[in-house]
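Since we're looking at a predicted model, the values are computed, not measured. Naming convention: chains lettered A, B, ... in sequence-line order (proteins, then strands); numbering from 1 in each chain.
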There are 2 protein chains.
Amino acid sequence: MNVQEGLNILKEKGYKYTGKREDIITYFSKEDRYRTAKDLLSYMEPNYEGISFDTIYRNLHLFHQVGILESTELNGEKHFRMKCDHHHHHHFICNDCGITKEIHSCPMDDIKGELNNFAIDDHKFEIYGRCPACQ
Amino acid sequence: MNVQEGLNILKEKGYKYTGKREDIITYFSKEDRYRTAKDLLSYMEPNYEGISFDTIYRNLHLFHQVGILESTELNGEKHFRMKCDHHHHHHFICNDCGITKEIHSCPMDDIKGELNNFAIDDHKFEIYGRCPACQ
DNA sequence: CTTCAAAACGTAATCATTCTCATTTACAAA
DNA sequence: TTTGTAAATGAGAATGATTACGTTTTGAAG
């Protein structure tokens, strides 16, 4: 997803445009990997002195809700990244730099038969390690 | 894993036997599902008045380290369960009661080719939903 | 240009978890 | 059985991430 698509989603749903919001989306658009609220705050602070934690968290939560960002939990911290807008897939995640690589096969395809009578809401498949650059 | 096996692991590694530790292992042995530190504390408090948070957390961490418990993170809280001692597998986890069902296929078998040059440390595959009893 | 709900601010609160340190306990060796 | 030592515990404060709240500011519709 690019910056413009993200802003369009906000507009469609009736949320306001602000410079901060554009900058947040721009940040994730450029980073293309999982980042924490703190990472984002560090990026925003030089441009918006006194920006509050609340603004960061509220926007992360909002962007996740409307589908601009996707999130996962690593080491007790929520991490966010720009939502990949093509077909369903999973990620390899580098423990050092947070960079991701898409995994195109989904294990759910193979196990439907094992879960008769169970209501399935969601699933998580992630692979952790170190990317070529971090080794 | 049963209670005796758990206690043996502690003994082998030179950790001391205490009644609390036996009770903690007994708890997880009976529960057979993911439980939080708070759940465990509620169970222990009637038997050990004044038991501290720290004892709970320290023992959970220790038991995880020596392989008596396995853990996962759900909704920002660490959850623990008795380690299944047979072959590698994954879990369906009920969002309501925490009960688990083993999934015997592992997606890692299918994707080795996709991750050449990546060092793989670990992976997580979990399915969330509601079990037959909770629907 | 006005108006008003939404967004952002500043700060305090909350929640899970970990740390510090003094005290107690388990248990192996004498 | 006594003793020494490392491990375990208790009590409470500290930490770190996240959320809540009352007030102020601001985007954008009319």
Side-chain angles (χ1 to χ4, degrees), chain A residues 3 6-27 34-66 68-69 71-81 98, chain B residues 6-27 34-66 68-81 98:
Chain A
V3 178
L7 293 174
N8 287 344
I9 290 175
L10 287 182
K11 188 155 200 172
E12 279 164 25
K13 309 232 175 184
Y15 294 103
K16 291 182 178 169
Y17 167 86
T18 69
K20 290 193 191 71
R21 286 184 167 172
E22 176 167 350
D23 277 11
I24 292 172
I25 296 176
T26 302
Y27 172 72
Y34 279 110
R35 304 276 73 188
T36 65
K38 211 176 353 171
D39 294 330
L40 175 58
L41 186 64
S42 303
Y43 170 80
M44 297 291 280
E45 266 177 335
N47 307 327
Y48 299 97
E49 198 181 350
I51 186 171
S52 80
F53 274 99
D54 213 27
T55 299
I56 297 293
Y57 280 108
R58 233 169 332 93
N59 278 313
L60 286 173
H61 188 257
L62 173 66
F63 292 176
H64 181 251
Q65 204 169 27
V66 300
I68 296 172
L69 299 178
S71 79
T72 192
E73 199 145 342
L74 305 169
N75 312 312
E77 265 181 283
K78 283 180 190 144
H79 287 61
F80 297 86
R81 57 160 291 138
Chain B
L7 293 173
N8 287 343
I9 290 176
L10 287 182
K11 187 155 201 172
E12 279 164 25
K13 309 231 174 186
Y15 295 103
K16 292 181 177 168
Y17 167 87
T18 69
K20 293 192 190 73
R21 286 184 168 173
E22 176 167 352
D23 277 11
I24 291 173
I25 297 176
T26 301
Y27 173 73
Y34 279 109
R35 304 277 74 187
T36 65
K38 211 175 354 172
D39 294 330
L40 175 58
L41 186 64
S42 302
Y43 171 80
M44 297 291 281
E45 266 177 336
N47 307 327
Y48 300 97
E49 198 180 351
I51 187 173
S52 79
F53 271 99
D54 219 26
T55 298
I56 297 294
Y57 280 108
R58 261 184 310 224
N59 280 313
L60 286 174
H61 187 256
L62 173 67
F63 293 177
H64 181 250
Q65 204 170 29
V66 300
I68 296 172
L69 299 177
E70 53 191 289
S71 79
T72 192
E73 199 147 343
L74 306 168
N75 310 315
E77 264 180 283
K78 283 180 190 144
H79 287 61
F80 298 85
R81 56 160 293 136

(message) Looking only at the side chain of B:D54 (C-beta and beyond, no hydrogens), which of the listed nucleotides D:dT18, C:dC19, D:dG27 gets closest?
(response) C:dC19

(message) What contact category does A:Y17 fall into here, base, sugar-phosphate, or nothing, at under 4.0 angstrom with non-hydrogen atoms?
(response) sugar-phosphate

(message) Reading DNA chain C from 5' onward, which residue's closest nucleotide shows up sooner: B:H79 or B:Y15?
(response) B:H79

(request) Would you tell me if any nitrogen or oxygen in the side chain of B:Y57 comes within less than 4.0 Å of OP1 or OP2 on C:dT18? (result) no

(request) Considering just the side-chain nitrogens and oxygens of B:T55, establish if one lies under 4.0 Å of OP1 or OP2 belonging to D:dG10. (result) yes

(message) What is the distance, to the nearest angstrom, from the CZ atom on B:F80 to the C1' atom on C:dA16?
(response) 11 Å

(request) Report the C-alpha separation of A:S42 and A:D39 in whole Å, then their side-chain angles, then the decisive distance to 0.1 Å, and conclude whether the side chain to side chain donor-acceptor pair (under 3.5 Å) test is met. (result) CA-CA 5 Å; A:S42 303; A:D39 294 330; 5.7 Å; no

(message) Distance check, rounded to the nearest 0.5 Å: A:I56 atom CD1 versus A:Y43 atom OH?
(response) 11.0 Å

(message) Go nucleotide by nucleotide along DNA chain D from the 5' end; which of B:K20 and A:T18 gets its closest nucleotide reached first?
(response) B:K20

(message) Using whole Å, what does the distance between atom P of nucleotide D:dT9 and atom CG of B:L41 come to?
(response) 13 Å

(request) Find the distance A:H64:NE2 to D:dT18:P and express it as a whole number of Å. (result) 13 Å

(request) Would you mind telling me which of D:dT18, C:dA6, D:dA6 lies closest to the side-chain atoms of B:K16? (result) D:dA6

(message) Determine whether a donor-acceptor pair (N or O, by modelled atom type, separation under 3.5 Å) exists between the side chain of B:R21 and the backbone of B:K16.
(response) yes

(request) Measure from CG on A:L40 to C1' on C:dA8 and round the result to the nearest Å. (result) 14 Å

(message) Under the criterion side chain to side chain donor-acceptor pair (under 3.5 Å), I'd like the reasoning laid out for A:D23 against A:T26: C-alpha separation, chi angles, the key distance, then a yes or no.
(response) CA-CA 5 Å; A:D23 277 11; A:T26 302; 4.9 Å; no

(request) Kindly point out which of D:dT18, D:dT9, C:dC9 is positioned nearest to the side chain of A:R58? (result) C:dC9

(request) Starting from C1' on C:dA6, measure out to NZ on A:K11 and report it in whole angstrom. (result) 16 Å

(request) Mind calculating the distance between CD1 (A:I51) and C1' (D:dT24) to the nearest angstrom? (result) 16 Å

(request) Take atom CD of A:E77 and atom P of C:dA16, then tell me their distance rounded to the nearest Å. (result) 17 Å

(message) Nearest whole Å is fine: how far is C:dC15 C1' from B:E73 CD?
(response) 14 Å

(message) At less than 4.0 Å, is any side-chain N or O atom of A:R21 found next to OP1 or OP2 of C:dA8? Yes or no.
(response) yes

(request) Please tell me which of B:G14 and B:E49 maps to the more 5' nucleotide of DNA chain D, matching each residue to the nucleotide holding its nearest heavy atom. (result) B:G14

(message) Taking only side-chain N and O atoms of A:K78, does any of them lie within less than 4.0 angstrom of OP1 or OP2 on D:dT19?
(response) yes

(message) Please pick, from D:dT26, D:dA17, C:dT25, the nucleotide with the shortest atom-to-atom distance to any side-chain atom of A:K38.
(response) D:dA17

(request) Name the nucleic acid region contacted by A:F53, choosing base, sugar-phosphate or nothing; use a 4.0 angstrom heavy-atom cut-off, strictly under. (result) base

(message) Quick check for you: among D:dT9, C:dC9, C:dA16, whose closest atom lies nearest to any side-chain atom of B:N59?
(response) D:dT9

(message) So does A:G76 get a backbone contact from the side chain of B:E73, meaning a donor-acceptor N/O pair under 3.5 Å?
(response) yes

(message) Under 4.0 Å, counting only non-hydrogen atoms across every strand here, what does A:S52 touch: a base, just sugar-phosphate, or nothing?
(response) base

(request) Would you confirm whether B:Y48, through its side chain, and B:G19, through its main-chain N or O, come within 3.5 Å as a donor-acceptor pair? (result) yes

